[in-house]
Amino acid sequence: MAREFTTVGVIGLGTMGSGIVEVFARNGVDVVAIEADGEALERGKAHVEQSTGRAVARGKLSEADQAALIGRITFATDMADLAEVDLVVEAVPEHLDLKRQIFSALDDIVKPEAVLATNTSSLSVTEISVATHNPRRVVGMHFFNPAPVLGFVEVIRTVVTEDDVVADVSDLAKRLGKQPVVVGDKAGFIANALLFGYLNHAVSMYESRYASREDIDAAMTLGCGLPMGPLALMDLIGLDTAYEILDTMYKQGRDRLHAPTPILKQMVTAGFKGRKSGRGFYTYVEPGSSKVTDDGAAAHVAGVGASPRPVRRVGVVGSGTMATGIVEVLAKGGYDVVFVARSSDKTATVSAALTRSLEKAVQRGKLSEADRDAALARVAGTTSLDDLGDVDLVVEAVVEDLAVKQALFSNLDDICKPGAVLATTTSSLPVIECAAATRRPADVVGLHFFNPAPVMRLVEVVHTVSTAADVVATAIQVCEQLGRHPVSCADRSGFIVNALLFPYLNDAVKMLEAHYATTDAIDTAMKTGCGYPMGPFELLDVVGLDVALAIERELYLEFRERGLAPAPLLEQLVTAGYLGRKTGRGFHTYP
Ligand SMILES: NC(=O)c1ccc[n+]([C@@H]2O[C@H](COP(=O)([O-])OP(=O)(O)OC[C@H]3O[C@@H](n4cnc5c(N)ncnc54)[C@H](O)[C@@H]3O)[C@@H](O)[C@H]2O)c1
């Protein structure tokens with residue numbers, strides 16, 4: 001007979017515990033909420049009141065329901081009050097000794113049939129369980145932050161957890177409106193194992209001043225559609241908790257990419273624990289607030305302070321998807337555009353695609369007919385590079401082949417007027433290689449647009465060691481004029497987005513390869529647990545496994561990091577011709 005779970009206990013009312021209490025009480029379960037002392041108890045209570053108060057203000061909860069919800073919670077500081085509960089969920093700080101101590105004490109307090117669950121993110125549930133006399137009733141119940149919002153729970157089964165305990169806790173998660181996935185006891189489980197390498201990498205980009213905190217966060221929200229940037233997410237998770245999770249993951253797997261970035265320790269020691277302390281990577285109006293305040297520490301960004309060069313006429317080289325999209329964006333942005341294709345057939349194709357796309361915009365009411373006509377009148381196609389003699393900016397979007405790009409830059413060097421800015425849209429080649437093919441490397445910059453260019457607002461503006469400050473400023477100003485969101489970074493493989501995204505995708509493949517979880521479970525974990533728009537395997541199938549493998553190889557060659565080596569399973573799928581949606585089969589199969 002399945003357990004009922006009518007009364008549960010929650011221990012620790014911090015970031016997670018207070019949210020977990022709310023989830024239970026909202027779903028009609030009586031809760032005994034325990035904190036270490038009166039002060040922390042008041043804080044926890046205030047958390048629940050504020051969070052449910054916000055739901056009332058947003059019209060998602062009636063005042064009567066809020067009162068009933070809070071009425072279901074008994075706040076206490078003595079664990080002895082847990083004697084009658086059917087389940088305990090522990091959510092105290094991520095320290096093994098503390099958790100073991102609590103489980104050992106609980107053992108003598110709760111009923112023999114009560115289930116004991118830990119919300120640990122990374123510690124061994126097995127090690128926690130053996131602090132009790134009956135490890136068979138111990139399970140992991142890992143909620144996601146914010147618990148009232150995210151609809152996913154990882155249920156962690158140790159080698160001794162009884163089957164019915166796992167089944168009953170999974171059923172309870174469903175009753176709470178959460179999707180449960182059962183996994184084995186490995187540091188980070190599914191979601192954190194994939195998330196924390198990525199978060200740590202973002203922190204190291206920040207620490208090395210590769211890009212600013214705002215640019216790193218904007219790159220991932222705008223470039224990948226993530227609900228939050230990695231540094232804002234670190235602040236939400238809590239830097240102390242994040243440090244402990246990384247530390248545990250590193251100790252278990254010895255993957256250097258999980259070794260906590262040194263600045264984390266410094267920030268935690270200084271008391272900068274994220275939102276809960278009012279300061280982390282960002283500064284908040286007060287502790288616990290999500291509202292960022294201007295702390296004057298914003299961005300030391302390349303190019304700031306320099307005067308941009310005037311740009312009126314822009315050349316685009318190429319006739320593929322990216323070039324066509326960039327021509328459209330430039331024309332709509334009011335620039336005169338001359339694009340260069342290799343044949344008159346190709347210029348005709350670009351013009352036709354441009355006309356079609358603008359026409360669609362008119363039909364959808366996004367562009368007036370007059371603006372369409374004006375945009376089209378600003379664009380001219382040619383097959384001769386020599387027509388770029390008078391442009392102020394060239395954007396190159398030819399094939400991703402270094403020799404081809406270098407030859408092109410050498411030609412542009414001969415053709416373009418002095419002071420013209422020469423930009424490459426390369427997504428994986430070093431910008432400096434293009435710059436070095438010219439006698440004017442200071443004028444060369446990366447302008448990495450995302451596909452489809454007319455839709456995606458993000459542009460990575462890449463400066464090399466040679467790029468002049470006013471060239472960066474020019475690139476940034478042009479992006480702004482185009483209604484794009486420029487982020488600035490140095491010239492390293494993958495820039496910001498791909499360098500953060502692809503190792504994560506690769507880790508997902510390695511997890512699959514290790515048979516820790518299925519493709520569907522992993523996709524679900526990242527979508528419902530982290531709010532990602534797509535799971536890693538869905539995304540890999542869209543990107544193309546061959547494209548992903550090529551980018552991962554580049555990253556591995558650049559950084560020589562063992563953890564970045566492409567997963568053998570990915571190599572095998574590419575060899576087999578399973579490249580994703582475009583071939584009808586990748587990690588998933590398509591009709
Ligand atoms: N922060 C996240 O995003 C997140 C997500 C999922 C799981 N977790 C896990 O949840 C657990 C709690 O993390 P958090 O972020 O909520 O931490 P937190 O620091 O925000 O809260 C911990 C709370 O536990 C209380 N506490 C400490 N000792 C106690 C004791 N002996 N008895 C009762 N209460 C005690 C503290 O006063 C504090 O309020 C950790 O295991 C963490 O790994 C965290």
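For clarity, every value in this text was computed on a predicted model and none was experimentally measured. One-based numbering, in listed order, for ligands and for the atoms of each.
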request  = Using heavy-atom distances, let me know which of G17, S121, G14 sits nearest atom 7 (C) of ligand 1.
outcome  = S121
remark   = Heavy-atom proximity to atom 33 (C) of ligand 1, picking from A191, A105, A36, points to A36
key: Pair E538-K527, salt bridge (Lys or Arg N to Asp or Glu O under 4.0 Å): steps then yes or no   = CA-CA 10 Å; E538 291 168 334; K527 282 194 291 186; 2.9 Å; yes
query = Should the pair R175-D171 be classified as a salt bridge under the 4.0 Å nitrogen-to-oxygen rule?
reply = no
ask   = So, is N145 polar-close to ligand 1, with some N/O to N/O distance under 3.5 Å?
value = yes
request  = With heavy atoms of I11 as the reference, note each atom of ligand 1 found under 4.0 Å away.
outcome  = 32 (N), 33 (C)
ask   = Between I237 and ligand 1, does any nitrogen or oxygen pair lie at a separation below 3.5 Å?
value = yes
query = So is E90 polar-close to ligand 1, meaning N/O to N/O under 3.5 Å?
reply = no
inquiry  = Could you check whether D240 pairs with K276 (Lys NZ or Arg NE/NH1/NH2 to Asp/Glu carboxylate O, under 4.0 Å)?
reply    = yes
request  = Considering the heavy atoms of T120, write down every atom of ligand 1 situated less than 4.0 Å from one of them.
outcome  = 41 (O)
inquiry  = Considering both backbone and side-chain atoms of E94, is one of its nitrogen or oxygen atoms within less than 3.5 Å of a nitrogen or oxygen in ligand 1?
reply    = yes
request  = Take E94 and K99 through the test salt bridge (Lys or Arg N to Asp or Glu O under 4.0 Å) and record every step on the way to the result.
outcome  = CA-CA 8 Å; E94 192 76 343; K99 290 188 193 272; 3.7 Å; yes
query = Any non-hydrogen atom of G238 lying under 4.0 Å from ligand 1?
reply = no
ask   = Would you say ligand 1 has an N or O under 3.5 Å from any N or O of M16?
value = yes
task = Would you check if M526 and P536 make a side-chain contact, meaning some heavy-atom pair closer than 4.5 Å?
result = yes
inquiry  = Here's a test for you: under side-chain contact (heavy atoms from CB on, under 4.5 Å), which of E214, H448, M220, E460 qualifies with V487?
reply    = E460
Step-by-step salt bridge (Lys or Arg N to Asp or Glu O under 4.0 Å) determination, D163 to R157 = CA-CA 8 Å; D163 290 347; R157 165 213 295 274; 3.1 Å; yes
E113 atom CD: more than 12 heavy-atom contacts under 6.0 Å = yes
remark   = So the atoms of ligand 1 within less than 4.0 Å of a heavy atom of H142 turn out to be 6 (C), 7 (C)
key: Taking every non-hydrogen atom, the tightest pair across L555 and P503   = CD1-CD, 4.0 Å
inquiry  = Going by the closest heavy atom to atom 24 (O) of ligand 1, which one wins out of P93, G140, A40?
reply    = P93
key: Proximity flag K273 to ligand 1, non-hydrogen atoms under 4.0 Å   = no
query = Taking distance alone, with no angle check, do D240 and ligand 1 share an N/O pair under 3.5 Å?
reply = no
